[in-house]
Amino acid sequence: MTRPSHLEVSRMTMEYATRYRTRSHLPPDAGTPYFVEKGMGDRAHLFGDLITVYAGGEQTGNTFNFFTCEGPKGKIIPAHLHADTYEVFFVTQGAVRLFVEDLEGRQQEKLLTSGDFGFVPRNCPHAYRIERHHSQIVGVAARPGGTFERFFESLGTPTDELGLPAAPYVPAPDRFGTVPQRYDVRFLPDHEWRV
Ligand SMILES: O=C(Oc1cc(O)cc(O)c1C(=O)O)c1ccc(O)c(O)c1
């Protein structure tokens, strides 16, 4: 067999076995350059969302991640915070209303549309609502020495599908008692938005 040229190599989508998938396009280590075709990251369904992870702790030495989150219009993620995790919300399609409270208790609300960016520091309560069908957010969420992306398939479920779940995936109630805290997620059921 002849060796592929550099160009051919760059077009290939390799498959790996990782801690999380028997077949993944993400390598199981931090030293391998790689490419992932659109939509072909490690996918999970949680509530009405499709989350696609393109890079996570395994690939980045636990320093950052990169994922997309797509959900149906009307979808609300209720108030929560991350004690030690910084988060990016970069909207690439549709419209997403982000609510965030700073460390002094000042609240803001902003409609993000394609190309708009929101940043949520650690310890800041936040929530969001998807305002348009086919909305997509690019996310980065990490803390010193840890990333967050496996939260989605731990509370939700891994999937090979490329679209939103046909019916929302609602975790069993006992999962809420253990999984969020493992990933530095604290839901705030009594939180009120004044904006
Ligand atoms: O984590 C993000 O969104 C979520 C999606 C879910 O289906 C359930 C959740 O609890 C959350 C959450 O926020 O905790 C998310 C989405 C987009 C983004 O840019 C992020 O940084 C995080």
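For reference, positions follow the sequence shown, starting with 1. Remember, it's 1-based here, ligands and their atoms both numbered in the order they're listed.
Within the model, atoms CD1 of Ile51 and CZ of Arg43 stand 12.0 Å from one another, a figure rounded to the nearest 0.5 Å.
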Only pairs under 3.5 Å count here: list side-chain donor-acceptor contacts from residues 186-194, not counting sequence neighbours, and write none if there are none.
unit_1	atom_1	unit_2	atom_2	d
His191	NE2	Glu101	OE1	3.0
Arg194	NH2	Gly105	O	2.9

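At the top of the distance list for atom 9 (C) of ligand 1, counting protein heavy atoms only, stands Ile77 CD1, 3.6 Å. What sits closest to atom 3 (O) of ligand 1 on the protein, heavy atoms only, is Tyr128 OH, 3.1 Å. Summary of contacts: the protein heavy atom closest to atom 17 (C) of ligand 1 is Phe89 CE2, 3.6 Å.
Counting heavy atoms under 4.0 Å from ligand 1, residue Phe90 does not touch it at all.
Close approach of ligand 1 to Gly139 is summarised as follows: ligand atoms under 4.0 Å from at least one heavy atom of the residue are 18 (C), 19 (O). When each atom of ligand 1 is checked for a heavy atom of Asp49 under 4.0 Å away, the hits are 5 (C), 6 (C), 7 (O). Atom numbering of ligand 1 starts at 1 in the shown order; those under 4.0 Å from a heavy atom of Leu46 are 6 (C), 7 (O), 8 (C). Near Phe187, meaning under 4.0 Å from one of its heavy atoms, ligand 1 places the atoms 10 (O). Taking a cut-off of under 4.0 Å to the non-hydrogen atoms of Phe67, the atoms of ligand 1 that pass are 18 (C), 20 (C), 21 (O), 22 (C). Taking every heavy atom of Phe148 and a limit of under 4.0 angstrom, the matching atoms of ligand 1 come to 1 (O).
Here the shortest heavy-atom distance to atom 14 (O) of ligand 1, taken over His80, Glu87, His45, belongs to His80. Between atom 1 (O) of ligand 1 and the options Phe151, Phe119, Phe152, the minimum heavy-atom separation is to Phe152.
Where the criterion is an N or O separation shorter than 3.5 Å, residue side chain and backbone included, His82 fails it with respect to ligand 1. Checked against a 3.5 angstrom limit, the closest N/O atoms of Val88 and ligand 1 fall inside it.
No more than 12 heavy atoms of other residues, nucleotides or ligands sit less than 6.0 Å from atom CD of Gln108. Annotation: Asp174, atom CG; neighbour count of heavy atoms from other residues, nucleotides and ligands within 6.0 Å is above 12.
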Residue pair Phe151, Leu46: steps toward the side-chain contact (heavy atoms from CB on, under 4.5 Å) verdict: CA-CA 10 Å; Phe151 165 71; Leu46 174 56; 4.1 Å; yes
Intermediate values then yes/no, side-chain contact (heavy atoms from CB on, under 4.5 Å), Val140 and Phe90: CA-CA 9 Å; Val140 176; Phe90 182 67; over 6 Å; no
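Partner of Glu70 under the side-chain hydrogen bond (donor to acceptor under 3.5 Å, both in side chains) criterion, out of His134, Lys75, Gln136, Gln93: Gln136 alone.
Note: Phe67 and Phe152 meet the aromatic proximity criterion, with ring centroids under 6.0 Å apart.
Ring geometry, Tyr128 versus Phe89: the interplanar angle exceeds 60°, so the pair is classed perpendicular (tilted spans 30 to 60°).
Using 4.0 Å as the threshold, Val138 has a heavy atom nearer than that to some atom of ligand 1.
Under a 4.0 Å N-O distance rule, the pair Asp42/Arg150 qualifies as a salt bridge.
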